[in-house]
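Chain letters run A, B, ... following the sequence lines, proteins first and then strands; every chain starts at 1. Reckoned from all heavy atoms, side chains included, excluding hydrogens, waters and symmetry mates.
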Amino acid sequence: MTENVTAKGGQGGGPAWEPKVVAIFCNWCSYTGADLAGISRLKYPAGLRIVRVMCSGRVSPAFVLKAFHEGADGVLVGGCHPGDCHYLEGNYKTLKRKLVFERLLEQFGIEKTRFRLEWISGGEGDKFARVANELIKEIEALGPLGSVAERLRQADGLSLRAEGGAGSA
Amino acid sequence: MPGPKIGVYVCHCGSNIADKVDMDALRDFAGELPDVVVSRDYKYMCSDPGQDLIKADIKEYGLERVVVASCSPRMHEPTFKRACEVGGLNPYLMEMANIREQCSWVTVDRGGATRKAKALVRSAVNKARLLEPLEDKSVPVDPKTLIVGGGIAGIEAALKIAEAGYKVYLVEREPSIGGQMAKLDKTFPTLDCAACILTPKMVSAAQNPNITLLTYAEVEDVSGYVGNFEVTIRKRARGVDEKLCNGCGTCQEKCPIKVPNEFEEGMGLRKAIYTPFPQAVPNKPVIDRENCTYYKTGKCRVCERVCPPQAVRFDQEDEIIKERFGAIIVSTGYQPFDPSVGKQWGFGRYDNVITGLQFERLSNASGPTGGKVLLKDGTEPKAVAILHCVGSRDKNYNEYCSRICCMTSVKFAHLVREKTGAKVYDLYMDMRTFGKQYEEFYNRVVAERDIYFIRGKGAEIMEDPVSGGLLVRVEDTLLGVFREIPVDMVVLNVAMCPRPDAQEVAQKFGIQRSADGFFLEYHLKLEPMKTANEGVFIAGTCQAPKDIPDTVGQGAGAAAEALKVVLLGKVTVTPTTAEIRETLCSGCRMCIPLCPYTAISFNEAKGVAVVNEALCKGCGTCAASCPSGALRVRHFDNRQLLSQIEGVCAE
Amino acid sequence: MPESKKKLKLALYWAASCGGCEVAVLDLDEKILTVAELADIVLWPVALDFKYKDVEALADGSVDVCLFNGAIRNSEQLEIAELLRRKSKVMVAFGACACYGGIPALANQFDRESIFARVYGTTPSTVNPGRVLPQTKLPTPQGELHLPTFYNAVYKLDDVVDVDYYIPGCPPPPDLIWTAVEAIVSGKLPPKGATIAGERALCHSCLRKKEEKKVTAFRRVHEVIPDPEKCLLEQGIICSGPVTRDGCGTRCLNANMPCRGCFGPTPEALEHGASMLSAAATMAEGKDEATLAPILDGIVDPLGTFYRFTLADSLLRIRNKALVAGAEEKEGEEAAS
């Protein structure tokens, strides 16, 4: 696992492009699994950053959209394996949302690869590191996604006002 | 409007973080973030002087939020929460950035690690800005403990708790407590007999008024939470009135049905009404309904007729027991590896290839041969091979070391020599004698006559075409030669494996499993008996392979954990629960069926949903499905999480 | 009304819109006369013959209120939005399109090229053998004509100018318009940025019987005649009521149609589309993909369903360019076949 490192860039200036992946992990399984990857000194690229929630069931699809909005190149949601949820059934709700949400992302032109839901237990540090490396490698092949602000700027070159207004999150 | 005053503390963790993350750059970066009024770095933030920095700054700078960038919050969140509290800041106004387990330890290059650490700190500062003070609440605890699994770990835990004056329910699936240890003959390194040291404990467990012993019983359902678990136990029908039965054994004598005895590892026979072994506790038989003639044909009833106290009850039904417990200890033990899955070992094919537990039974005075080590044909073996690591330390089966096999093998070698004139060949990969007096025991056995230790893994067991005996193939790695050793008995020291129903049991008790399938402890080194499910503890070989001393140690340790829960009489429940903002709730009822704890109900008068905070565990699933945003989870609300996502994304 | 002697100056404008908002103003019925009494209209392209230059001639800030409906689809609309903002004291985003992009913003799934290719090329009713596409400049004997630039994306009004109030709806209901007019006339204005609608979700006003939000099949409106007494969601029909602001008078629900969300998200909703998607998906009964997938596949076109009126106000707003080329190809293939 350790040799499977795709991180670029070194001591000097930053890399040309490092995929940015927001991982939203449940406290009990996936976050613990990610800690275990650390304890085991497994390596994965620095562009993957974890936000902790108590349960993957807390992950509103809007959080994932927010990450893409902010310029994430990929989003990884991690929960407990089916049947193992610390809160009994939260991960089933996550699965339900995913089944509709991934079709929404496709309609938004966001490649399937960029959003992933994984069941990672607290004992699966190696699985987490494998998924992280795999996902980043796949995203590298796709190239950067860019933030929504950039995409809008590229669309028509208008200088849009700061977001806000009637219904903005 | 100026935000709250934030202090950021960057921990070097010795060199654990500082080696990979530029501490100066990170501290300065944190200092530049909006609302941060002080940022410091320190060698060990978790140390007293480190914590004192926080406490002093809370006073000096009037800090309203604290961010600690260090190890995982799973490690030191309580430490820093406490430091804030002592310093005069509500502990829920502290947020951590995990820059060790999820940054310095997993990142190859310093540039990347530093960039990532900055992002994580910014994310934590973002969230900290939006935190709100919360107060812990406590709920009363039921003072009873449930122990699941009556092996030596469970017995030890039960005795410790009962002797401390607290009530215990000890639930065992088999008709008797005792577990695997009850099957053993002599135990290393002292060679005292297992029964001699175990039986008194079993009897004590049965006699202690604080222990309710439920054998031939299984836990069906667990709900609730630490302090107040609601447990349903099914006590299977024994067919015998335990109160009337005096354990005389007449029924077993007269029962005409004989079936292979599980306790004897299939080597001996038992009756259809039986106690698994003479020292069984409770010493009350059960009727094996699958094999009993009465249940098959409606006839026989011999046992019923001969029973002096008239205790046989053919119509007895399973009993469902519902109880509330403050703490639960799971000590469900292990499953021996089945060597018949590998053709190379010839197990099941050759009569005299046996497992370690079968050898224990042969060697045991109450076993099928009365303690004689004999071949299947009743003769004494001339040469015995003992194989280590069967199913252990082998990536085809289990990568882990089962820990007991080396010492068990050495013990077997000694027992073979003690009981027979056979030569012994002990085939080991490495000799691991890690425990107290283990190396000394090994040295004594090494010095015994006619025991040959061969460094090499027993590769294959074949029939000797000439003698009709067995041939063990091994690469003797010290001599560098392949050998074929003629023997007439092979003992396979098989791996300790998770029980086949480990997954089901794990789900029932809300515990996780590690990659090897054993139950997952909260922290491998520091919290070996705790699990992620608060109030549920694990002990013994359900957690990982271990020997008797370690199992007993964990049993006692788990008892201490359980006592900690029940002695306090109350548990702190997190205030990070869901709340409904009534002025925003439209009463759509989307949230109500989503809560697995039925914590949300509907107030018809107000037309809004209501959260029962005592039942809510704060998972937040409801909030993620509340379309209007009326449902909010404290400490993990939408704004806080969105700000964190912004924080990790920004460059 | 102490200052009632002084008549208000009122501007009404339509940008990328269907005209429904204009009709909604007329739907004030006899009250429109009161409006006429209270206000002088300085611009209303759909009803009165004013020119842009008439507006340009006004002093900055001299228009009291501008009711701006429609989204921003091209450069002319942007120009007029900026002009009216300069001239007006109070700018009101009027109707779903101005507030959230509305139906026109659904075109944000495509860029200009693919929209043109479809509209001027492949639709069954198009006859355009020369493949003539709209241009921004056209040389004529009289000189070069300049036409507005058609943008790649549709924008909501507050993307391009500062907006003081929002009146949502497709179109805004007359009683809400009247509430706004009264507030403006009386000077009793809500805080800047306010949306003139309910703070809770529509379910608050919905009288249908709500029992348990569990669903084993989703249905589209043309597939079933719903029980008019029962919650539509509980009948498997996607209704955006739980995420959409109250205030429309449950017009669609009264007609046994689900809420499509024209009032936009409630103030605390994370996002109009994603929040409703999240809620709707979790209603499906089941615990494994094999059971859930067929149920959830019943939610067709999630983007069009959940962002029908609010795509320009969403987090992602426009389709990722990288896949647009693919979409065009598909479009081409479909046309060819």
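- Atom SG of B:Cys649 sits about 9.5 Å away from atom CZ of A:Phe68, to the nearest 0.5 Å.
- In B:Glu534, the CD atom is not crowded: 12 or fewer heavy atoms of neighbouring residues, nucleotides or ligands sit closer than 6.0 Å.
- The residue among A:His81, A:Met54, A:Arg49, A:Lys93 with the most heavy atom pairs within less than 4.5 Å of chain B is A:Arg49.
- For chain B, the nearby parts of A:Thr32 are the backbone and the side chain; heavy atoms of each come within less than 4.5 Å.
- Two residues are said to be in side-chain contact when any heavy atoms from C-beta on lie closer than 4.5 Å; A:Asp35 and B:Arg74 meet this criterion.
- Interface remark: of the candidates B:Asn533, B:Ile511, B:Leu641, B:Leu641 forms the most heavy-atom pairs closer than 4.5 Å to chain A.
- With a 4.5 angstrom heavy-atom cutoff, A:Cys80 does not touch chain B via any of its atoms.
- The greatest number of non-hydrogen atom pairs below 4.5 Å with chain A, out of B:Lys617, B:Glu646, B:Gln644, is found for B:Glu646.
- The environment of CZ in B:Arg639 is sparse: at most 12 heavy-atom neighbours from other residues, nucleotides or ligands sit within 6.0 Å.
- A heavy-atom distance below 4.5 Å is found between the side chains of A:Val51 and B:Val648.
- For a residue to count as touching a neighbouring chain, one of its non-hydrogen atoms must lie under 4.5 Å from one of that chain's; by this rule A:Tyr31 touches chain B with backbone and side chain alike.
- Atom OG in B:Ser625 sits 3.5 Å away from atom CZ in A:Arg97 (nearest 0.5 Å).
- Taking both residues in full, the closest heavy atoms of A:Phe63 and B:Asn638 are given as CZ-OD1, 3.7 Å, listed atom of the first, atom of the second, then distance.
- Contacts between B:Tyr225 and chain A at a heavy-atom distance below 4.5 Å are absent for every atom of the residue.
- With a 4.5 Å cut-off on non-hydrogen atoms, A:Ile24 touches chain B through its side chain but not through its backbone.
- Heavy atoms closer than 4.5 Å to chain A are found nowhere in B:Asp516, neither backbone nor side chain.
- Looking only at side-chain heavy atoms (C-beta outward), A:Asp84 and B:Gln507 come within less than 4.5 Å of each other.
- Contact count against chain B (heavy-atom pairs under 4.5 Å) is highest for A:Lys20 among A:Lys20, A:Glu89, A:Glu124.
- Interface check for chain B: of the options A:Ser60, A:Gly90, A:Gly83, the most heavy-atom pairs under 4.5 Å are formed by A:Gly83.
- Here the side chain of B:Lys116 pairs a donor or acceptor atom with the backbone of A:Leu48 at under 3.5 angstrom.
- Taking CD1 from A:Ile39 and CG from B:Leu524, the interatomic distance works out to 8.5 Å, rounded to the nearest 0.5 Å.
- Here CD of B:Gln102 is found 6.5 Å from CZ of A:Phe128. Values are rounded to the nearest 0.5 Å.
- Contacts of B:Ala506 with chain A are absent, with no heavy-atom separation under 4.5 Å from either backbone or side chain.
- Here B:Glu77 pairs with A:Arg52 in a salt bridge; the nearest charged N to carboxylate O distance falls below 4.0 Å.
- Of all heavy-atom pairs spanning B:Thr107 and A:Ala46, the tightest one is CG2-CB, 3.8 Å.
- Between the OG1 atom in B:Thr621 and the CZ atom in A:Arg58 there is a gap of 9.0 Å [rounded to 0.5 Å].
- The candidate from B:Gly629, B:Ala624, B:Gly620, B:Ala515 with the greatest count of non-hydrogen atom pairs under 4.5 Å with chain A is B:Ala624.
- Distance check, rounded to the nearest 0.5 Å: SG of B:Cys619 to CG of A:Asn91 gives 10.5 Å.
- With B:Gln512 contributing its side chain and A:Gly122 its backbone, the two residues share a donor-acceptor pair below 3.5 Å.
- Heavy-atom minimum distance, B:Pro596 versus A:Leu88: CB-CD1, 3.9 Å.
- For B:Glu399, the CD atom sits in a loose shell: 12 or fewer heavy atoms of surrounding residues, nucleotides or ligands are nearer than 6.0 Å.
- Across every non-hydrogen atom of A:Tyr87 and B:Tyr597, the tightest pair is CA-OH, 3.0 Å.
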